[in-house]
Structures are given as structure tokens and as C-alpha cells.
> 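Please see the structure below; I have some questions.
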Amino acid sequence: MRIKHSPLLRYVAIVLVGLLVGLLFVRIFSWTALVMNILYTLVYWEGAWVISSFSRKKYSTFEDTRKRVIFQAVGIALYVAAANFLMCGLLELIFPGEDYINLPYYLGTLKISLFITALITSIYEALNFFDLWRKAKLDTEKLKQENLLAQYETLKNQVNPHFLFNSLNTLVSIIPEDPKLAVDFVQKLSNFYRYILQYRDQDLVSLDTELEAIEAYLFLQHMRFGESLSWNIEVDNRLHNRLIPPLSIQILLENVVKHNTISRQKPLRIEIRTEGEYLLVSNPVQPKRTSEPSTRLGLANLSERLLLLGTDNLVIEQTESRFTVKIPLRHP
């Protein structure tokens, strides 16, 4: 985070603070004393400014506030201690015969220097903290809006007349042939919607929880497409507790079903597996003769949610024969 202000304003403040230090602490009213006070203030202020700027780049987030403050406190304290010693030596050279390199004088000026520098640095850090806090609040609100949009898109895609029509048609065809399977179908449909209602307000869920809902979703699609649709799920045992945005896999599967031909002549097999710290969803490219218009909101929205959560972005790989999306998995 970079605090923006005019350098001219900073140098005017240095002169005023140098004058104020002379009036409050030194109480020697001469041009020489004034110049030395301003020089002291310039050295400490500029050094503190450099250290503070570096710390804001190194620890730039609201969550890094504690690390940033500790870094500044230690760095500036060491800098002031060293600079104060050098300034005492400089005074010794400018005013020969005066004893400026002695412990009482050094400690006295050090206390004043540390106090003034700490005060100035605290003001900078307070401004920086407020900016970071404000940005974090804005990001939180933006994330809420993105999640609401994701919920809306998911519900719109799943509860639209086409989905209900297809589901009811499938159910009607199953009931006379296999009532038990029809009961399973209704149960899976219920489980999937329960997942949407239960986790739609959360930013992240475990990969295991997401995959349970996806199994229900794929079951429903399998009942619709039969053996023309198949899938394979392989997850590294070490990654089951990793976190993922809820309904993110479903968004990708919805795109697969929406944009690809699935028939006996062209069966489609979906691969869902982990690869490193990513979950991979891959399918062969089998464009429909009459393709549905793509809004691209699904992938764009998911990408935005991931960025706001502070994770890596989606990785999209497309060739003439295959389309693959990789979702980064987050540590608990």
C-alpha cells in the first residue's frame, strides 16, 4: 500500500517539526540550532519514510498489519539509534571543542529522536491501516455481491423451466419402469438442492463436501442421458480436506452439458481429478450443431470469486479436441 501525498508537503512538515522540536526540547534560539534541528528531523523522517514504504510493500495486506508494525518498529529503532550516533559525530566535526559523543548526550537525543520518529511513523501507519481496512471492507462487500451473483446464476440455471422439464420427464419415464430408481432420483434431486441452500452463503467448502453434491448432480444427468454420459473422479487422498468455492464444479459441469453433444453416437466422458494443488475438470470437445449462446458469466464469475478469496486464478486449457479447467485448491 502506498500513501500518496506531495513531497513538498512532507518537506514543509519537516521544517515545522524541526522548529517545534527546538522550541519544546532544545530551547536554544539560534539559526544554527534551528538548522541542526531541521537536519535531524530530515534524516530521521526520510529514513523512517523509506523503512515504512518498504514494509508496506513487503507486508501489504490488512492481515499483515502485525508483521508490518513489528518490522517498522524494529527497523526504525535500529535506524534511529545508528543515525543518532552519526549525527553526534557530525556535530563533533561541525563544532570542534564541544563534547557531543558522550553517553548522556547520545541517550538524551536518542529519546527525543525515537519519540518524534515513532509519532510520525504512527501517523503514517494509521493512514495506511485505515486505507487497508477500507479496501478489505470493499473487497468483502464485492465478494458478497459476487457470491450472490453466483447463487443467482446457479439457481437460475438449475431451476429454469428446461432443467425442471428435463428432470420431470426423466422422472415420469422412470416411475413405471423402476419405482425404486424413481425414489432414488427424487432423493438425489433433493440432496442437490439441499446442498445449494445449505452452502450458498459460504465462501468455501471442503472438496469432499462439494464432490458429494457433484455425485448427486451427475446422477441426475446420467438418468437423463443414460450411458451416453459417463465420468471418472480421482482425488488424491491428501487433498480431500482442501477448500473450494461451493458450486464451482457444478458451474463447469453445467457448461459441459450446455455446449457439447451427448448421444449414443457421441458419448461424452468427463474427467474430474486432482493435479498438484488443482482440481481438474476436463471433457472432449463435441460442439452441438445448434449451439446455445454463451454468456461466459459462469467462468468469469468463478474467476472473480477466486481472486477475491486470495487464491490463484482459474487455469483454462483448450485444444481442438479437449477443454480443461483447473480450479485452485486452498489449504484449510
> Under the side chain to side chain contact (heavy atoms under 4.5 Å, CB included) test against Ile272, which residue among Asn283, Leu280, Leu279 passes?
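Of the listed residues Asn283, Leu280, Leu279, the side chain to side chain contact (heavy atoms under 4.5 Å, CB included) partner of Ile272 is Leu279.
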
> Specify the closest pair of heavy atoms between Ile214 and Gln250, including all atoms of both residues, with the distance to one decimal.
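Heavy-atom minimum between the residues: CD1-N, 3.5 Å.
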
> Keeping Thr261 on the side-chain end and Pro287 on the backbone end, is there a donor-acceptor pair under 3.5 Å?
yes

> Should Val172 and Phe225 be regarded as members of a common hydrophobic cluster, given that ILVMFWY residues are connected when their side-chain heavy atoms come within less than 4.5 Å of each other, either directly or indirectly?
no

> Mind checking the CG-CD spacing from Leu239 to Glu277? Nearest 0.5 Å is all I need.
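So the CG of Leu239 and the CD of Glu277 are separated by 6.0 Å.
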
> Which heavy atom of Ser263 sits nearest a heavy atom of Ser228, and at what distance?
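The pair with the smallest heavy-atom distance is C-OG, 3.1 Å.
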
> Can Ile262 be reached from Ile270 by stepping across I, L, V, M, F, W or Y side chains whose heavy atoms are under 4.5 Å apart?
yes

> Shared ILVMFWY cluster between Phe54 and Tyr59, side chains joined below 4.5 angstrom?
yes

> Indicate, with yes or no, if Val183 and Leu220 share a hydrophobic cluster defined by side-chain heavy-atom contacts under 4.5 Å among Ile, Leu, Val, Met, Phe, Trp and Tyr.
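Different clusters.
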
> When rounded to the nearest 0.5 angstrom, what distance separates OG in Ser321 from CD in Gln286?
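The distance works out to 10.5 Å.
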
> Apply side chain to side chain donor-acceptor pair (under 3.5 Å) to residues Glu210 and Tyr199 and explain how you reach the verdict.
CA-CA 9 Å; Glu210 174 83 354; Tyr199 293 103; over 6 Å; no

> Check Pro332 against Leu243 and note the closest heavy-atom contact, atom names and distance.
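Reported closest heavy-atom pair: CA-CD1, 3.7 Å.
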
> Is the Lys NZ or Arg CZ of Lys188 less than 6.0 Å from the centre of Phe219's six-membered ring, within 45° of the axis?
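Verdict for Phe219: a cation-pi partner in Lys188.
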
> I would like to know whether Phe71 and Lys67 meet side-chain contact (heavy atoms from CB on, under 4.5 Å); could you show each step before the answer?
CA-CA 6 Å; Phe71 182 91; Lys67 294 179 181 178; over 6 Å; no

> Quick one: closest heavy-atom pair of Glu254 and Tyr217, and the distance?
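Taking Glu254 first and Tyr217 second, the nearest heavy atoms are OE1-OH, 2.8 Å.
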
> Show the nearest heavy-atom pair for residues Gln202 and Gln198, with the distance to one decimal.
NE2-O, 4.3 Å

> So, taking the atom named CG in Leu302 and the one named CD1 in Ile249, what distance separates them when rounded to the nearest 0.5 Å?
10.0 Å

> Evaluate the side-chain proximity of Val315 to Thr324: yes if any heavy-atom separation is below 4.5 Å, no if none is.
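In short, these two side chains do not touch, never coming nearer than 4.5 Å.
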
> Going through the distances and angles, do Ile251 and Leu299 end up as a side-chain contact (heavy atoms from CB on, under 4.5 Å)?
CA-CA 8 Å; Ile251 290 174; Leu299 289 176; 5.5 Å; no

> Taking all atoms of both residues into account, what is the closest heavy-atom pair of Asn313 and Ser303, and its distance?
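Nearest heavy atoms, Asn313 then Ser303: OD1-OG, 2.5 Å.
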
> Do His331 and Arg242 have side chains that approach each other closer than 4.5 Å (heavy atoms only, starting at C-beta)?
yes

> Does any part of the side chain of Pro245, heavy atoms only, come nearer than 4.5 Å to the side chain of Leu204, both counted from C-beta?
yes

> Are Phe323 and His259 close enough that some pair of their side-chain heavy atoms sits under 4.5 Å apart?
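No - every pair of side-chain heavy atoms lies 4.5 Å or more apart.
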
> Please evaluate residues His240 and Val235 with respect to the criterion side-chain contact (heavy atoms from CB on, under 4.5 Å), reporting the C-alpha separation (whole Å), side-chain torsions for both, the decisive distance (0.1 Å), and the verdict.
CA-CA 7 Å; His240 281 281; Val235 176; 3.8 Å; yes

> Between CG of Leu253 and CD of Gln221, what distance do you get to the nearest 0.5 Å?
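If we round to the nearest 0.5 Å, Leu253:CG and Gln221:CD are 8.5 Å apart.
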
> Treating Ile, Leu, Val, Met, Phe, Trp and Tyr as nodes and any side-chain heavy-atom pair under 4.5 angstrom as an edge, say whether Leu181 and Phe192 lie in one connected cluster.
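Yes: a chain of side-chain contacts under 4.5 Å links Leu181 to Phe192.
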
> Is the backbone of Asn241 close enough, under 3.5 Å, to the side chain of Ser206 for a donor and an acceptor to pair up by distance?
no

> Walk me through it: do Thr274 and Leu207 pass the test side-chain contact (heavy atoms from CB on, under 4.5 Å)?
CA-CA 10 Å; Thr274 51; Leu207 181 56; 4.3 Å; yes

> Enter the distance from Ile174:CD1 to Arg224:CZ here, rounded to the nearest 0.5 Å.
13.0 Å

> For the atom pair OH (Tyr195) and CD (Glu215), what is the distance rounded to the nearest 0.5 Å?
13.0 Å

